[in-house]
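Structure record follows, encoded as structure tokens.
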Protein chains: 2
Amino acid sequence: MPRHRITQSDVAAMAGVSQATVSFVLNGNTPAGVRIGEETRQRVLDAIRITGYTANPLAQRLAGGLTQILGVFTYEATFPRAGRDFYGPFLVGIEHAAERLGVDLLLFTSAPATGGRRQLTRDGWQRLGVADGCLLLGQHEDRGELQHLLDTNYPFVFIGKRGSDGGRLPYVGADYVGATTRQVDRLVALGHRHLGYVGVRGTDQPTLDRVEGYRTALKARGLTPSFVESDDVATAAGEILARSLTAVVVAPENHPEELADELERRGARVPGDVSVLLLGQPHHPRRGGRRWSGFSVPREEMGVRALYLLSRLVADDGGRRDRETRRASAVPDAELHQLLNCPDVEGATAAPAPSSAGPDPASA
Amino acid sequence: MPRHRITQSDVAAMAGVSQATVSFVLNGNTPAGVRIGEETRQRVLDAIRITGYTANPLAQRLAGGLTQILGVFTYEATFPRAGRDFYGPFLVGIEHAAERLGVDLLLFTSAPATGGRRQLTRDGWQRLGVADGCLLLGQHEDRGELQHLLDTNYPFVFIGKRGSDGGRLPYVGADYVGATTRQVDRLVALGHRHLGYVGVRGTDQPTLDRVEGYRTALKARGLTPSFVESDDVATAAGEILARSLTAVVVAPENHPEELADELERRGARVPGDVSVLLLGQPHHPRRGGRRWSGFSVPREEMGVRALYLLSRLVADDGGRRDRETRRASAVPDAELHQLLNCPDVEGATAAPAPSSAGPDPASA
DNA sequence: TCAATTCGATAATGCGCATTATTTGCAGGG
DNA sequence: CCCTGCAAATAATGCGCATTATCGAATTGA
């Protein structure tokens, strides 16, 4: 038994055939009029079994094949040292899917993080090539980078909705719009008429979607939107009370925990006087902290779906060494853009409106 | 600008030199009497800068170089779908280290999990080759597999102490023996004289070490060990009370939460009547659960150290395409086997012994 | 002036595999 | 008897790079 890794040549020698023959047998297909006799085929298969040969993924890839490696690129540190582990849940799903698909995962941790934000530089881009395709996580969006990806026809899938580029970017996202709309509806059903939205108006997709959901839901109910945009918790709490809001929706990144504390410090009970619905999972769950009402983002499921989609794209596009031939994708458009439902969470921060005569007496 | 990835040949063409020259310039070294003129060198460097060329890691590796990819193999699912995320903290550290080292991480999720336990089969073993070296996490230990690793001189590092193989296996572990000893000392200092060890006697290293620490600490104090080995929480609680133990140490996998609940259900307050020290972090931290006293395993730090060590081993052994030449390792033995300290945790489950006259009146 | 160095750089090779082009052996047809 | 046709397999090539062997020109020494 050779000390070095067993190669096709080793197998070939044992079976008394050429390396090429082994390759053909392995891949099953015989592209150009090449035929392998059944007897020879068996001999090769036996040799493979005996030697325990397995293909070297690198060599395969270099020769135009697939590595069975899928990449994961995060624009922020994958496992943040301090603070909430944002990507963890996604990775749980991703790994689960990877296991079922029989692929390995490559985490692009080498990308230089400039100012806490990873760049998909030309350098990093080259490294992507090791993987057959890549998952992209995070908010950053560099037009140039994306264009490059599209140009080279490299398979990739975003985790998180992507509105830009005319919807040509494949993604698996969460339905923030719908979920936020439902939260407003829950509050209205509880008798609330003065509902606020707390949080700075970022331009990231989740925030845009939350705002849109909030706005349209209020409009549909004939209510007036009320945005509390202060970044400062104290100011925000003051605003809420000053405007006599009986309920607010707030995104996890806008310090809901501190906000609720501040409200109570000012004598407003949560949810007794002010209901607070959380538009996603809390970032920094405290020990013995509040059980938030609101909705949860199915991150794990998103991870699973995203990797499956990526796998399909790879199978569809990959394999062909000639990346130039961009044939019409066989993956239906509906699969290319998936929006997953965010299930409601029954917590302890939502209650009927204080001075209301019960649930929804006569909505306009 | 070519659509395909830029190769050394592209750079060479632009600089008006040969591909080999580019390679030499890139690697800096000129092994065998090869010299590159300063002017030419600059021309090549300029071409590299202009084209944004970066080496293809696969090709490098195939040609005997390094991929700058380090592998992570877990014997169990890396991100368990249900239950506590055991590997998470390690990965936080590993990723952090990877970032600093400028390497990518390859998660071997493709290994078939037979009965919830991943195998490092010949197949999987081949796939390791993509990475320059590999981190091994988990309890499983297959002599054959390990021998293979050693034989091929493939760089690897265990996370978690490894006692077998005459200490030839490089690892970064936690000092369970010392930490457990300290816990016993804490309890003794609180006046406890009847200290039990709760938990089934597994053969895994952490358990062996905990037991050893417990045993030697008691012996040093002239006290009698008392093992409560029942797997059943109710039985264990009964035993503790029947033996009049005033304190127990318990490993996280032995359901400390349920045990404490059961004790209190039987009228024994924790820690009023029975102190319970946890030998590690809780597996399933509950919302509003107990704040355990005991110690914590520095998983993150272990991850960091392990990857650094692996990186050193790779640098030391790697690079040389001739894996046969096993030269004396330049990595000192002290670094090859690291035991990290487990800091004590001040929680709320340790109290002075009930009928004791205070802290440690006259220890034998 | 011509061989002996030294300098500067290139051609050639192999890593392990997929794939294309080509060869070989052998039956049947004219 | 030679040529065509087909089955069966092999030789050859390239992927992108590291490395070894090799080569040409400029410089030196006597």
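To find a chain, count down the sequence lines: A is the first, B the second, and so on, and within it residues start at 1. What you are looking at is a predicted structure, and each value in this text was computed from that prediction instead of being measured.
B:Ile6 places its CD1 atom 12 Å from the P atom of D:dG16, with the value rounded to the nearest Å. B:Gln68 has its CD atom 15 Å from the C1' atom of D:dC17, to the nearest Å. Across the protein-nucleic acid pair, B:Leu26 atom CG and C:dA9 atom C1' stand 16 Å apart, rounded to whole Å. Regarding A:Ile36, its CD1 atom lies at a distance of 14 Å from the C1' atom of C:dT20, rounded to whole Å. Between the P atom of D:dC15 and the CZ atom of B:Arg61 lies a distance of 22 Å, rounded to the nearest Å. One can place CD of A:Gln8 at 13 Å from C1' of C:dC15, the figure rounded to the nearest angstrom. A:Gln19 has its CD atom 11 Å from the C1' atom of D:dA12, to the nearest Å. One atom, CD of A:Gln60, and another, P of C:dG16, lie 13 Å apart when rounded to the nearest Å.
For A:Asn56, no side-chain nitrogen or oxygen approaches OP1 or OP2 of C:dC17 to under 4.0 Å. Put simply, B:Thr7 has no side-chain N or O that comes within less than 4.0 Å of OP1 or OP2 on D:dG16. When the side-chain nitrogen and oxygen atoms of A:Ser23 are compared with OP1 and OP2 of C:dA18, one or more of them lie within a distance under 4.0 Å.
Distance from the side chain of B:Leu62 is smallest to C:dG16 among C:dT10, D:dT10, C:dG16. Counting only heavy atoms from C-beta on, B:Ala63 has its side chain closest to C:dC15 among C:dT10, C:dC15, C:dC17. In this structure, of D:dG16, C:dC17, D:dT19, it is C:dC17 that holds the atom nearest to the side chain of A:Ala59.
Across all strands, B:Val17 comes closer than 4.0 Å only to sugar-phosphate atoms, never to a base (heavy-atom distances). Across all strands shown, A:Thr21 has heavy atoms under 4.0 Å from base atoms, whether or not it also approaches the sugar-phosphate.
Formation of a donor-acceptor pair under 3.5 Å by the A:Thr51 side chain with backbone atoms of A:Ala47 is found in this model. Of the possible polar contacts, none joining the B:Asp132 side chain to the B:Leu70 backbone as a donor-acceptor pair under 3.5 Å is found. Between the side chain of B:His337 and the backbone N or O of B:Leu169 there is at least one donor-acceptor pair closer than 3.5 Å. Between the side chain of A:Thr67 and the main chain of A:Val130, a donor-acceptor pair closer than 3.5 Å is present. The backbone N or O of B:Gly303 lies less than 3.5 Å from no partner atom in the side chain of B:Arg305, so there is not a single donor-acceptor pair. For the pair B:Gln42 (side chain) and B:Glu39 (backbone), a donor-acceptor distance under 3.5 Å is absent.
Between B:Asp46 and B:Arg43, no side-chain nitrogen of the basic residue sits less than 4.0 Å from a carboxylate oxygen of the acidic one, so the salt-bridge criterion is not met.
With the end axes of the helix from C:dT1-D:dA30 to C:dG30-D:dC1 each set by five pairs, the angle from one to the other reads 90° at 10° resolution.
Remark: B:Arg100 pairs with no residue by the salt bridge (Lys or Arg N to Asp or Glu O under 4.0 Å) rule, at least two apart or across chains.
Among A:Val11, A:Val22, A:Ile36, the single residue meeting the side chain to side chain contact (heavy atoms under 4.5 Å, CB included) criterion with A:Val17 is A:Val22.
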Chi angles and distances behind the ring pair (Phe, Tyr, Trp, His ring centres under 6.0 Å) call for B:Tyr154, B:Phe156:
CA-CA 6 Å; B:Tyr154 183 80; B:Phe156 66 95; 7.6 Å; no

Write out a two-atom table: protein N or O, nucleotide N or O from nucleotides 4-7 of chain C, distance below 3.5 Å.
| from | atom 1 | to | atom 2 | distance (Å) |
| --- | --- | --- | --- | --- |
| C:dC7 | OP2 | B:Arg35 | NH1 | 3.4 |

